[in-house]
Every structure is written in structure tokens, then in C-alpha cells.
Amino acid sequence: MLPVFLVTFPFFALIAAGYGAARARILPLDAIPGLNTFVLYFALPCMLLRFGAGTPIGQLLDGSVALVWGLSALAVVAGVVVFTRNARIGWNDGAFGALVAAFPNTGFMGVPLLVALLGAQAAGPMIITIAFDLVVTSSLCIALSRLDGAGGQHGPRLAARQALRGVLVNPMPWSILLGVLLSAARWHLPGPVERTIAMLADAASPVALFTIGAVLARSALLAREHGASAAVAAAMGTKSALPPKAPLADVLPVVAVKLLVHPVLVWAVGQAAIAMGLPLSSSALMVIVLVAALPSASNVSMLAERFGADNGRIARIILWTTVATFFSFPFAVGVLR
């Protein structure tokens, strides 16, 4: 366990640094969207492009990995939607609760962390999981979130168009596709272009991890302001304009699904696939199980806010899974290795 902690510690230290910088207002909260934009539209696509271009095409088109990951993700989405919907949680909040349970923070955290732990061969399976989550899992959950207003102008058809537009304008799927094409054709980019991409790719890991911490700190600060506003409203005998804080009963089960049920399910589905004779290697299965053991993706919070879901609940789930992963992820690595 100690060697794993020594490898993972710098990654969590960068998250803590971002959290502290934003919490102390050394990093202005208004600067966080700019960091997100840099990572999502420049650094991370270049990192995925470089890994894709340098990965054998067979690993990037591994149907067994896609099948195991896809079945597990769909099962998590279905299970969370069915078992968490209640008087407080409708389709909108239920769907984004399912997305935050099924969508790990692979791009910002998983790629640099697992490559550091397992080597560059871990990139291929991870790229498959990222592509599936961006195209299928996110689109499905956005469509489900609109069922509350299925008869109105914000129904599933509009949600489907918005999800498709989100995929088309997101540079990450395109960078993955370009990396696959370069790998298949065995082409190499011109030297100056390759060096520019390498510089941006090298910036992806530290800036992404720092940004995760900053986003979590912003969520905590907003939650504190939410509590102060609610207290003032109660003292004045008025009703707060802000929604009530999500109870732990709506948060903890999703945290448990993300960090325990999801990786165990991926392992079980993978073992079943191997027993049925599918060509799934043990190393690829280990990679995707560890991907499932990652904390929830921080961009789910932005999606929840955009579609009017309970962003406070989603932010708490992301925060709790990220903090718990400091202890749970090294344990998962130790068990699998």
C-alpha cells in the first residue's frame, strides 16, 4: 500500500493545493471557469490526442472493453434512477445523480494517475471509457433528465438535440477520433506541431488536478453562503429563495455506488465476459475497474446547473467521492495488483 500512496500522493496534493488556493481566495473564484476552459478545450484534448496517436489501434478499438464498460455504466444509471427517485428527487435530479455515479473523473484525474501507476498501456482502455461516457452515458442521462417535462418544450427531443450538440462542440471526442486515425494510419504530426501539442499535454495533468480542487472549494464556499442565506431568512421569518440543502440520505447512497458498487460491477461483468470467452485481457480489466473506482467527474456539476438540477447535491457527491478516494483508491489498487 505504501508504494501506491507514494505514487498517488502528488495527485491528491495538487487537488488540495487548488482547494486551498480557492478557499483562501488566492485564486479568484471568477478565474476557475478560465482554468476549466484551458483544460477542457486545450490541454486535455492534446493529452488524449497524444496518447491516442501513440497507442496501438487494436487497444483503441477493443470491443470487449467497450462492452464491459458500457453494460456496467448502463446498469449503474438504471439502478440509481430506479432506487433514488422519491418525493424530493424527480427525473431531473435522479438522472444527474445517476450520471455522477456512473461518470468517473477519468480525463482530469484518471489518465495521468493510471499512466503513472500502470504505464502508457493503460491509456487505450481509458480512452474507450472516456468516449463512451461522453457520447452515450452523458447523452442518456440528459435525455432522462427531461422526462419531468416530457410534454412541454423542454422534453426528451430537445434534450437529445442539446446532448448531440454538446458532443459535437466538445473537443475531447474529436481529439480521441483524430488520435485513433493517426494510430491507424501510423502518421506522425510535423515536428513543430507535435512539440506544441506535447507542451499543452504536459500542462493537462497539473492544471486539471489543481482545477478539481478549486472547483470543490467553490462548491464548499457556495454551500456555506447558501447556509448563511437560509439562516438569515429563518431569522427574519421569510422563506429562502434558494433550494434546501440535500439530506445525507440523498447523497451517501450515490457516493457508495460510485466508489464501491461501480468498480465491483465492472469487475464482475469483466469476469463474466472472460468466462464466456471474450478476448478481454486481465490488464485491460484492471484498468477499467480502477477507472470505475475514481471519484465522480467534476463537469457533472456544470451540466446539472445548466439543466436546472439540484447542483448542491451533485457538488456534495463530487466532493465526498474525491475526498474518500484518497483512501479508497490506493486500497483498490492494492487489491487488484
Side-chain angles (χ1 to χ4, degrees), residues 7-51 96 99-100 103-117 123 126-127 129-130 133-134 138 166 169-173 175-176 197-225 258 291 293-306 311-312 314-326 329:
V7 174
T8 59
F9 176 81
F11 294 85
F12 289 99
L14 282 173
I15 294 174
Y19 186 93
R23 194 68 186 257
R25 303 298 178 103
I26 298 173
L27 175 72
L29 298 187
D30 292 341
I32 296 175
L35 288 176
N36 258 320
T37 299
F38 172 75
V39 175
L40 286 172
Y41 286 88
F42 295 92
L44 189 55
C46 287
M47 182 175 69
L48 293 174
L49 171 61
R50 185 165 66 167
F51 277 127
F96 280 101
L99 182 59
V100 84
F103 198 158
N105 208 339
T106 318
F108 275 42
M109 185 176 180
V111 173
L113 178 56
L114 290 181
V115 167
L117 280 169
M126 280 190 288
I127 288 174
T129 68
I130 292 172
D133 286 335
L134 287 173
S138 297
V169 301
N170 190 329
M172 288 196 290
S175 65
I176 291 172
I197 290 174
M199 291 174 68
L200 285 169
D202 289 339
S205 175
V207 179
L209 295 168
F210 189 89
T211 303
I212 292 173
V215 169
L216 295 176
R218 182 180 61 182
S219 299
L221 290 170
L222 292 176
R224 186 173 67 179
E225 293 174 2
K258 179 71 218 70
V291 168
L294 291 168
S296 302
S298 55
N299 65 315
V300 178
S301 177
M302 293 182 288
L303 283 174
E305 184 174 353
R306 182 186 306 170
N311 188 38
I314 300 302
R316 291 180 75 191
I317 293 169
I318 294 170
L319 175 61
W320 283 44
T321 56
T322 303
V323 173
T325 304
F326 179 75
F329 189 81

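Just so it is clear, the model here is predicted, and its values are computed rather than measured.
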Begin with the C-alpha distance, continue with both residues' side-chain angles, and end with the deciding distance and a verdict on side chain to side chain contact (heavy atoms under 4.5 Å, CB included) for Phe108 and Asn36.
CA-CA 10 Å; Phe108 275 42; Asn36 258 320; 3.7 Å; yes
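- Residues Phe96 and Val300 share a closest heavy-atom pair of O-CG1, 4.1 Å.
- One distance of note links CG of Leu209 with CE of Met109; it measures 7.0 Å at 0.5 Å rounding.
- Side-chain atoms of Ser296 come within 3.5 Å of backbone atoms of Val100 as a donor-acceptor pair (strictly under, hydrogens ignored).
- With Ser301 contributing its side chain and Ser298 its backbone, the two residues share no donor-acceptor pair below 3.5 Å.
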Could you walk me through whether Ile317 and Lys258 pass side chain to side chain contact (heavy atoms under 4.5 Å, CB included), step by step?
CA-CA 9 Å; Ile317 293 169; Lys258 179 71 218 70; 5.8 Å; no
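- Considering all non-hydrogen atoms of both residues, Ala214 and Leu27 come closest at CB-CD2, 3.7 Å.
- Looking at every heavy atom in both residues, Leu294 comes nearest to Asn105 through CD1-O, 4.1 Å.
- Between the CD1 atom in Ile318 and the CH2 atom in Trp320 there is a gap of 14.5 Å [rounded to 0.5 Å].
- The line from CD1 of Ile212 to CG of Leu35 is 12.0 Å long, rounded to the nearest 0.5 Å.
- The closest side-chain heavy-atom distance from Thr211 to Val207 is below 4.5 Å.
- Nearest heavy atoms, Leu200 versus Ala43: O-CB, 3.4 Å.
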Check against side chain to side chain contact (heavy atoms under 4.5 Å, CB included), Leu113 and Phe329
CA-CA 11 Å; Leu113 178 56; Phe329 189 81; 3.6 Å; yes
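- No side-chain heavy atom of Val215 sits less than 4.5 Å from a side-chain heavy atom of Met302.
- For the pair Ile32 and Leu29, the minimum side-chain heavy-atom distance is below 4.5 Å.
- Between the Ser138 side chain and the Asp133 main chain, a donor and an acceptor come within less than 3.5 Å of each other.
- Met47 places a side-chain heavy atom less than 4.5 Å from the side chain of Leu44.
- In this structure, the side chains of Pro33 and Arg218 come closer than 4.5 Å at one or more pairs of heavy atoms.
- Side-chain atoms of Phe103 and Leu134, non-hydrogen and from C-beta on, do get closer than 4.5 Å to each other.
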Is there a side chain to side chain contact (heavy atoms under 4.5 Å, CB included) between Ile314 and Glu305? Walk through the geometry before answering.
CA-CA 9 Å; Ile314 300 302; Glu305 184 174 353; over 6 Å; no
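- Among all heavy-atom pairs drawn from Ser175 and Leu48, the shortest one is OG-CB, 3.8 Å.
- Counting non-hydrogen atoms of other residues, nucleotides and ligands closer than 6.0 Å to CZ of Phe38 gives a total above 12.
- The minimum heavy-atom distance between Phe11 and Ala116, with the atom names listed, is CZ-CB, 3.8 Å.
- The CG atom of Asn311 sits 6.5 Å away from the OG atom of Ser219 when rounded to the nearest 0.5 Å.
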